[in-house]
Each structure stands twice: as structure tokens, then as C-alpha cells.
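Shown next, in C-alpha cells, is the structure this report addresses.
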Amino acid sequence: MSKRRSLTEAQCVSLAQKLLRERLCHQKLPDRPLALDSQYKHLLELLRRTAVHGESNSVLIVGPRGSGKTMLLGCVLRELMSLKEAQKNVLLVELNGLLQTDDKIALKEITRQLHLENVVGDKVFGSFAENLAFLLEALKKGDKSSSRPVVFVLDEFDLFAHHKNQTLLYNLLDVSQSAQTPVAVLGLTCRLDVLELLEKRVKSRFSHRQIHLFSSLSFAQYVDAVRSQLSLPPDFPDPKFSDAWNHSVTKLCEEKSVEEILRRHFNSSKDFRSLHSLLFLSVSRVSVSHSTLHEADLLEASRLISADSKAIILHGLSILELCLIIAMKHLNDTYDGEPFNFQMVHNEFKKFIQRKSHSIHKFEKPVVMKAFEHLLQLELVRPVDSGVCKVQREYQLMRLMLEHGQVMEALQRYPQCPTDVKQWALSAFA
Amino acid sequence: MSRYITRLRMRRTYKWNGRPVGEDRKLKRQYYESMSISVEGKTEDATVSLGQYILIEGDDDDNPFVAQLLKLYTDDSGKKKTAVLQWFVRMCEVPQNKRKLLGRDPHPQEIFFYQDRSCDNEVDGETILGAVQIEYVPVQDPFPVGKSRDILFVKLLWDTKSFRALDPELMQPPQSPKSPPPSSRGPQTRALPTPDPSVMKRAMSGILTRGSMSTGKMSSSEAESLHSASKLSAAKALSAKRRSQAVSGPQVRKKLDLCSPSKNMSRDDVLGELLDERSEKTLTSKLNTSPTGRISISIRLTPLNLNKEECVSPLSSHSPDKPRMTAHDKDDAARAEEEHEDSPINTAATSRSKRKSAQLVSSRIKKQLNLLGNKIDLQSDGEDGDDDDCFIPSKIDLQSSSDEEEEAKIDSEDELIVKKHRGSGTSRSTEKTRVSARTPRKTPSKKTAPATPRTPRHATPSIPSRTAPARKPGNVLEEARARLHVSSVPESLPCREQEFQDIYNFVESKVIDGTGGCMYISGVPGTGKTATVHEVIRSLQQSAEQDEIPHFRFIEINGMKMTDPHQAYVQILQKLTDQKATPDHAAALLEKRFSAPAPKKETVVLLVDELDLLWTRKQNVMYNLFDWPTRRNARLVVLTIANTMDLPERIMINRVASRLGLTRMSFQPYTFKQLQQIITSRLNRVKAFEEDALQLVSRKVAALSGDARRCLDICRRATEICEHSGSQKNSSGLVGMSHVMEALDEMFSSSYISAIRCASVQEQLFLRAVIAEFRRLGLEEATFQQVFVQHQALCRVEGLQPANVSEGLTVCQRLGSCRLLLLEGSRLDLFLRIRLNVSQDDVLYALKAD
């Protein structure tokens, strides 16, 4: 007790921060997957049957990014491994389509994860063909009742379908459909049309079991999730601090403006990853002098997250460059989005200088060119075709990569923008 | 692999001896009495003449075929030499399942007179390897003891059905009116007529044997050996010679030099030093200096087996050996080696041991022998150990030394284990034994050859076995599920009776006729093509067991299970002969195998699954596969399977399609009745489904694809659903309509609609904006910029804060990653092209219901 009391507030804050950051960054598995109960049961039952009865299965887990496919699988595997009868009986092979970019690498990885390379001793692993024969032989030798079931997890399953002839998929699924070593092939993918990628005989061997993860999360659940994510666990060393913290979080979630921010996020995406990054940014703003989360923290974090990257770039431009952008915007309006070249932009700019400008000096053409090239480098302007044809730089056709609204907004916020430039931008035709 | 290289490189030339002794004008044949065979690199020629027993080159280097030469003739061109033969078979050539008919253990040197009218008795004269000695033993008599192991014994007659007593008359070559009288030399008298080194060697060994026979104690250990003496030394010697010419690499070269006759002397000098001035050894080296003396070369092995033998056998049996050891030391040493040579094959050589193990081993052996109190053995053993140390160059004998090590380990453990070890050889390992067992007169260089196939490449790994046994299905639903799994092998294949019969007839007729042929089987996936072929083969194999049809080999390759079309050769070769080779080499070997006239060849039935993947630009893999069966001597039946009916027309060039022929069969997709029957027969009276439910499944699948796998999977899923819902409430516990409907929905319904329904608000708005923009443009494609304008407008209508460009792009990309939208040119940022991957109606339907 005395020890707990001795924690200073600063220590408490840093401890709480550490805890929350870990929770938000490390993607720690929750105790039960949220709102995925039926899928969880289905998958667990399937794997349990593979582990216990030696029944081969294949299944695809399909869901958009951030919908919790890996989390679901992790929870199921955790549960499976805690079963006594499955514990020592299951071999796990995890592959990722982004890492195992072709079948050769994948085969090597499988062999490694199955610890089969020990069997061949120091034999240098042979050709791809030998590897395949080797693995198939190994899988063929097993049978339903006596050999250990192997669970193959194929992350980014769709990428495996792009391998040559889909050899790996065919063979894995073939094993799952024949009386060999029992296997469970689990594919994780975010593509809804993944079955169409499979070749017809591969497809025929796949059991067509798909587990879809679509979050039917309501906003109330979403807010609940935020609250639970931000709350400190009951075993926090300093109960007084954690009580205060939890109370403040609850209160925070009820605030109108916070709800608005969360609603906005919820509307744009339901996945938890983007929520985590939002919460992470706000938690990071907590300090000793600022020991509870405030509405402003969330607001600031939300602003950071949803900021438009191009608008930020526009803020750093010089007046000349900004003028060029405005000239291009006018050209876009006049010619209805048709591409333009530097000469046209320069003409437009010259007209502005001659007629309306009071504050802007006349610039030499090379200087303007230089500014234009800077915009090109920033990719605010892009050549129409990738500059293959030999056209003089002044006459190369370009496109502005900015929306009308973006330009206007940037002008509003541009520090000390000359009023004549603003007026020029606002006027319908130059 | 190297063995075959040697065979290919080994060149023998065949010449007629003397003038033709007879002529058949009608057939334009000229008969000869004898033929001489000269081997490249050998000065002396071997001669074979009529009536003599000869060895014929076969698939197995170590066990060449044995036959008696009846006629020799040439056609009018004078180029093709043909020999007419009376075959003999070895025990290992008798089909595995018939071997037990003998009723006793075969004598290792025993062969059988082969009586089979169907067997082609003419072979190409150029496959003759050399002469061999055969002795007739009357049935009642025991096998002569102590004869040379080169002599083969004939006691019985094998007529492909049973073993019968052999009439000694049959051993005399039949008199043919047109052929000259066979040579007067009988099998007994004919022994060493030629200066051929192998024959000379045999003669020498014969002398030695006789010598040892006079002491009458020689073969006590021999009789115990399981493996020794089953091989023909002459054949071995030949193949050894060939091999020795082809092995490359400096170390090997050195060895080869050592065993070449010219250097024999120097090598013996070395030996002399090594062995000190023991008189027996001087004798040995003297023997070696004789031109035929390759015998001494084989001494360099630890007589481990001797050791083992002694462990196993009672000591008393060895005591009479002692005097012999001194008197015929050399012979005994050689014998010891043979046994050693043969035995290590037992061990499934897996580990590679290091050179230093040899010393350890020999010291262990010494200890063992000491324990047995056999001083003379110790002496010889010590010397062998020496040999081992100084003789084996670094690498080549790794294999054998690892074997020794393993042996030694086993020895040191327990004799019981040794026995078990020997007895427990699986069929595979015994087969290997046969392949790699070597001649007694083994040259060191030869050891490189077995080292290759014995490397651990055969050590196929397996998935570790489970600690707890798999649980058996507990209730009716689980039982049904197990039966419905695609992998469970059904008792019969319903609904493919006609196809089964057609394929069966085709293969059966080819096997009975001993001819070859191709068949092309097509059908969409899941229509039972492969299963039917397997079923056919299974029942054919059954009738082959019962001797209704001749035996055949079945080999299966799958285009999907190889990385490259040319691997097909490698896999066929490996399954046929257990050899490994590069694709090119394998193709050459197979080509040779299928085109060479080899007698007594079994028909090979080759199943090529997923044929379309064997396509190459030149199509030579397909060409070969279909060309081999057309060869006269190939005896190859090729069954090919692919999905598309018109594959031969579509992808094959004319010469390939032509060879494939017109024997085609196509498997139609199953009708709903057939699917229903399949499920019913699989369930086999396990009552788990309602009739209507089954009908619904089969009708649905038949309408979609006719894929039996799909049908079974749906049923399986339905049992699961039933199980889960059953726990909540009610009913019969049978799988009913509702469960099947749910399973069907899960598998066939598109997930796009539910994906759209569960999408976030902005995503749904974006989809709407896409459709609005498409309508405005009248096109099915728009740029992101255009859609984004619509999107912002929609946001305002909905009273939401309009998203900025970055957010809009994120939403767009997220939809793209699910493939609700198809995005092109993601580099283009604002000018990203967007298309819908779902129909507009679906999107609107999904959004409206929301």
C-alpha cells in the first residue's frame, strides 16, 4: 500500500501513458473479439475439428482492411492452443503474400517452419522442383489419424493467387481434399473477389467456406470502444489516479464536441486502426501539467489526422508560386480542365501583373520558370504524358493536381496574402 | 546418375567369330556360332557361343538378365545381330507376391528356368554383357556348398504361375534344324574359355573357392548372411569396370589409377608396406600382379559384418574358421568384405559422418573382437583398420564410413537390436538393398557409385506424428461429415460406371497385349476423372494379383505438382527406377528405356494429370509422352487428364495431337440425380439428411457447376449449421432444408451487398457519387476528381461536413482494396480512373435497403 501511495502524479501519468500507448500501438489481442462472435465460433470450431479429428479444411477470411481478420485469427489460435487436446498436436505455418512473393520462397519458408530441414541434415536445399517434391512427399506420407495436423495461415491470400500456375495453392488445397496429412488452409484477404482469382481446378479444390468480417458496428458501440480503449485497467498501481482518469474519460466521451469528432471519424471509416491513431495522438499530448485528456487534445489530433496534405504544401509556397497556381486555376476554369503549358501560365500571370497588381513586382521569365519547376517538383503540377516527346519545356502540356476548393482554402489561410492576389483568385475570369 | 553415365559411355563392340555356319535364304539370315565382345579399354575380348549361359543387359545394372544362348544370327545387312535365348529368372525378377510360392528361402545364387511362351525370346545381340556359369542341381539335392559365388544354380522351373521341378533335359538347348549344333560344352564343363578379364577373374575365384572347399569349412558365415552372394559377380565386375571409367574428379582418378592394371604393382607395393611382411599378403600381391588380379583391391573394408555375424551367431560356429583364416587368409578377408559390403545397405544412410569416424570404428571393432577372443580376427581386423585409414581418401568413402559408424553404434548397443535392425527392413529398404548391393570383388572406385544413390536424398521427411490420437466421430452428424469429406475414399464410384468400364477395357487390353497406347480424358473439375482412373487401376491391380492379367507398374504424375514441364521426366524416372537425374538426362534415359527392346518388361501405366500444364513452346514433353507408347517395345500406356475437351486441338501442334490419337473420353458434369446418388452412397445408410435437403443441394450444384466436391462441401457445411442450431432447439436432428439453404447462401451468395451495407457512411456516399457521376457522363468510368466533386455535393446534401481530398482518396482506396471499385493508375492522384466492380443496381439495392 505504502508503495502505491508513493507514486507521484508524474509517475502515474507516465505509467498510464505508457500503458495506453502500448495498447494502441502494439495491437494487443483483446480478450474476446468485438462483435465477431459468430465468426469466432465458426473458425474455432473448424480449427478444433482439424486439430482433434484430423479433418482437413480450407477457409477464407475476407474483410476490408482494419476489420480485424488477423485479430480474429490470433484470438482463435490462442484459444485453440489453450485446448489440451490441440495444444501439442498442431503445427502452425504462417505465410504472408507480401513476404513470400513466389512459390519457391514460400516452400522454403514452409519447410523451415515445419522443421523439416532437420531431416535432411546439412543437405543444401536443392532446386525448387526438389523442394516441392520433398514437401509433397512429406505431406503425402501422413494420414488422417496419425500425423499432426498442420495449420497453414496465408496472409494476403490474393497475392498467392498471382504466383505462377498457383502451384502452391493447388497443392495445399489438394492435400486438404485428399487423404493425406490433415491440413487447415486459412487465407486472409481483403479482396471480395478473391475466388475469381483462383484457377478453376484450384477453385474446385477450395471448400468455398468464407468467413466475412464486415463490421456492423453502431456509433454507440464505437464510442464504447473508445471509452474502453482509453480506460485504465483495474490493476493500475494507483487506484486513485486511475479512477480519476477513467472518470474523466467517461465524461469526455459524453461531450458534444468530442462526439462530433468521433462521429466524423466513424463516418469516414469504421476500422479500429484509424481510431487508434487518433487516440494515440491525443494520448501523447497528456503531460504532468496536463494530466487528463481534454476535448482540445482530441480536436487537435483529429485536425492532424484529417488534414489535407496538399493544402499544407500550399502554405509553404512563395507568393510567386501561389500566383502561378492561381493562374493555372483560372486556365482550368477557362478551358474546362484541358491541359496547359508554361507559356500560357506565364501569359496569364503577366496579364495579372499588368492590370491588377499593386503589390507584386514584375518577375523575369526565367525566375517564373524556376518557380514553375519548383511546383513541378512538388508534383502540384504534372506533365500530361511522362515527357517522352521532345517538346521545349515551356510548351510541355501540364495538369494542375489541385482541386478548386483546395486552392481557395489555401488562399484563405495563407499568412499575409496580398489582397489583390486574393481578389484575383476570387474573380471569375482573369 | 553416374552409373548411367558410365553405361552410356561404356562402349562395347560386337564381332562375329568365324564364318557363318548356316544360312536361311528365305529369312535372309546368317547363323553364327559365337560372337566376341570387346570392351573399350580392354585388350582381351570375351566370346560367347551357342549353348553358353550369358548375361543380358537389363534395367538393373546389378542384376542383369540371365539366359542361355540358343541362336545367333544376323540379317542380310549384316548390321543387326540378334540372339535367340532361353531365359532364366532371378528371384528378384519374380513378382513380389509370387515369391512366397517357392515355399522356402531362395538360395542367393538361385535362378529359375523361365517358361513363358508369351515372352519374347529374341534380343538384340548387342545387349549381351558376357558369359556366366550355371549349374543344374537336382530338386532333392541341397545346394552345393562352397562353390564360387559366380556360379548360379538352377533347380526349379518358373512358368509365371508356379515353381516346378526342372527337367534337366530342358537345360540342353533344343536342336534347331537350321541352326548349327550347339556347342558341345555343357554347363558344367564350360567355365573359363576366354581371356576376358571378368571371366578370368571368375576362373580365379573359382580356383580359390575350390581351394577353400577342400578345407570344407568355408561358408559357415556365408550361410548366415542375408544379403551376400545374391549378386552375380560377373555382372558386377562389368558394371564396375564401366563405372570406373567414367567417374571423374581428382581423388577418384587417383583411385582409378590405382586399380588400373598398369599400376597394380605400385599399389601392391604400398600395400606391402602397409601390411608389413606378412606372407599371406605377399601372396595376395602376387595374385594381384597377375593381369586379372583386381581382387586385392577389395580388401579395404573393415570386416564389420564379420564382427556383427559373430555377435549374432554362437561363437562355436566360428571356431573352426580359425585355421582357415591362416590358410586362406586372403579369401576370408575378401569374404568378410563382401559381407560388410552387403550389410551396410541395411542402414538407411542418413547422416554424413566425418572421416575420423573410421578410426573410432575400427577401434571399437577391435574391442568387440577382443571380447570374442578371436585373435586372428583381431589381427586381420587391425589390418583392415589400417587400410581404412590410409586408403580411403577424404571424401569418396564418406558413405561407407558413415555406414560403418552406424553399424558400430548398433553393434555396441545390443545384439538383439542388430537382429531387429536387420529383420525390420521395410520393403523399400530391401529393394534398395538389392539395387545397391555390390559384388564381392569390389573395387574401391566402385564405392563411389553406391555413394550417390545412398546420399540422404531419399530420406523423405514426414510430418511428426501427433501425440494424442485423432478422435473418432462421435455422433451421427460427425459421422456423416467424415463420410462426406472429399478425402474419404468411397467404397465405389457411383455414376461413372460407363467411363470406368471404358477406361478399364482400354488399359486391360493394352496390358494383356503388352502393347502401348494413349488415352485423353477431359472434364470440368470435380467430375471424378482422377478418382475413376485410380479406381480402374485399383481393380486392375487386384486382378493382376489374382493372375488374371499380367502385372504392370502404375505411375502417376501431376502437371500441377511440378515446377516446370520438364520435371515430368525426372518424376517419371524417379518413380520408375528410383533414380535421380536432371531433366535432360532423365529424358535420355527414359527414351532409351522405352525404345530399347528389353524382354520381360512389365507394362507401365502412366497417369498424367493436369496435362495442359505440361505445355511448352516446342511441346517436346507432350510429344515424348505420346510418342513413347507408339514404340514397338515400349509397353507404355499413357492416360492423360485435363479439363478442356478440345485441348488437343487448341494447344497441341499436329504431330503431338496425332500421336495422342483419337481415344478420348469426356466426363460430363454430374446431373442432379447423380449428385444425389453420390451423396447417398457416401452416407451409406447414415441417416443425417432429409431427402428434400439432399435434392436441393444436388439440384443447386448441378445447375451451377456439377462439381461433386462443391456438393460434398455444402453438405458438410450444412451438417455444421445443423449441429449449431440443433443445440438451441428442437427437431429431428436431421439436416433439413433450412440448414442447406443457409449453407448454400453462405457459399454462393455474393458478399458485395453485405460489404456495401456494412461500409462506413463516407464509403457509401462515395459509391453513390460514383453512380451519379456515371449517370452524368453516360460512361462506366470516371476520374477521381469528377467523382469527388459529386461526393462533396452529396455530403452537403446529407448535412455532413464535406471530406477533403486526402480523406476522399483514402475512402476511394479502401473501396478499391475490397474490389468494390476497380482503380487504375493510382499514381495519377486526382486523375485516378474509377470503375465499379459491382452492378449499379446492386449498389443501389444495397444502399436503399439501408
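First the proteins, then the strands, lettered A, B, ... as listed; each starts at 1.
At a 4.5 Å heavy-atom cutoff, the contact between A:L132 and chain B is made by side-chain atoms alone. For chain B, no part of A:L169 is nearby; none of its heavy atoms comes within less than 4.5 Å. When heavy atoms are compared at a cutoff of 4.5 Å, B:M747 approaches chain A by way of both its backbone and its side chain. At a 4.5 Å heavy-atom cutoff, B:A743 makes no contact with chain A through either its backbone or its side chain. Residue A:Q177 touches chain B through both its backbone and its side chain, counting heavy-atom pairs closer than 4.5 Å. If you measure heavy-atom distances from B:E720 to chain A, the contacts under 4.5 Å come from the side chain alone. Proximity to chain A is absent for every atom of B:V524, based on heavy atoms less than 4.5 angstrom apart. Contacts between A:S67 and chain B at a heavy-atom distance below 4.5 Å are absent for every atom of the residue. Only the side chain of A:D174 comes within contact range of chain B, judged by heavy atoms closer than 4.5 Å. Residue B:L613 touches chain A through its side chain alone, counting heavy-atom pairs closer than 4.5 Å. For A:D308, the parts lying under 4.5 angstrom from a heavy atom of chain B are both the backbone and the side chain. Interface remark: B:A755 contributes backbone and side-chain atoms alike to the contact with chain A (heavy atom separation under 4.5 Å). The contact between B:F788 and chain A is made entirely by side chain atoms (from C-beta outward), counting heavy-atom distances below 4.5 Å. In this structure, the portion of A:L91 lying under 4.5 Å from any heavy atom of chain B is its side chain and not its backbone. Neither the backbone nor the side chain of A:E409 comes within less than 4.5 Å of any heavy atom of chain B. Contacts of B:Q801 with chain A are made by both backbone and side-chain atoms, with heavy-atom separations under 4.5 Å.
When each of A:R65, A:Q180, A:R201 is scored by its heavy-atom pairs under 4.5 Å with chain B, the top score falls to A:R201. Highest contact tally toward chain B, considering only A:K310, A:H404, A:Q210, is held by A:K310 [criterion: heavy-atom pairs under 4.5 Å]. The residue among A:R382, A:E379, A:R205, A:H212 with the most heavy atom pairs within less than 4.5 Å of chain B is A:R205. Chosen from A:S215, A:S216, A:P64, A:S306, the residue pairing most often with chain B at heavy-atom distances under 4.5 Å is A:S306. Heavy-atom pairs under 4.5 Å with chain A peak, among B:E746, B:Q792, B:E610, B:E478, at B:E610. With respect to chain B, the highest number of heavy-atom pairs below 4.5 Å among A:R209, A:Q406, A:K164, A:K41 belongs to A:R209. Between chain A and the residues B:M562, B:Q567, B:H485, the most heavy-atom pairs under 4.5 angstrom are made by B:H485.
Under the 3.5 Å distance criterion, the side-chain polar atoms of B:S705 are matched with a main-chain donor or acceptor of B:D707. In this structure, the side chain of A:S204 does not engage the main chain of A:K200 through any donor-acceptor pair within 3.5 Å. A side-chain donor-acceptor contact under 3.5 Å links A:K69 to the backbone of A:G63.
The one candidate from B:H534, B:K561, B:Q571 that meets the side chain to side chain donor-acceptor pair (under 3.5 Å) condition with B:E556 is B:H534.
Smallest separation of non-hydrogen atoms from A:S207 and A:S58: OG-O, 2.6 Å.
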**Message:** Could you go through B:T563 and A:T167, starting from their C-alpha distance and side-chain angles, then the distance that decides it, and tell me whether this counts as side-chain contact (heavy atoms from CB on, under 4.5 Å)?
**Reply:** CA-CA 8 Å; B:T563 51; A:T167 311; 5.5 Å; no

**Message:** Using side-chain contact (heavy atoms from CB on, under 4.5 Å), reason through A:F134 and A:L107 one step at a time and then give a plain yes or no.
**Reply:** CA-CA 10 Å; A:F134 180 82; A:L107 282 179; over 6 Å; no

**Message:** One pair to check against salt bridge (Lys or Arg N to Asp or Glu O under 4.0 Å): A:E199 and A:K203. What are the steps and the verdict?
**Reply:** CA-CA 6 Å; A:E199 217 229 345; A:K203 195 175 169 184; over 6 Å; no

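Remark: A:D193 engages A:R191 in a salt bridge, criterion side-chain N to carboxylate O under 4.0 Å. Here A:K140 does not pair with A:E137 in a salt bridge; the nearest charged N to carboxylate O distance is not below 4.0 Å. Between B:R717 and B:E723, no side-chain nitrogen of the basic residue sits less than 4.0 Å from a carboxylate oxygen of the acidic one, so the salt-bridge criterion is not met. Salt bridge absent: A:R48 and A:E55 never bring a charged side-chain N and a carboxylate O closer than 4.0 Å.
Using non-hydrogen atoms only and a strict 4.5 Å limit, the part of residues 808-817 of chain B facing chain A consists of B:V811, B:R814, B:S817.
With sequence neighbours left out, the ring-ring contact (aromatic ring centres under 6.0 Å, His included) criterion links A:H42 to no other residue.
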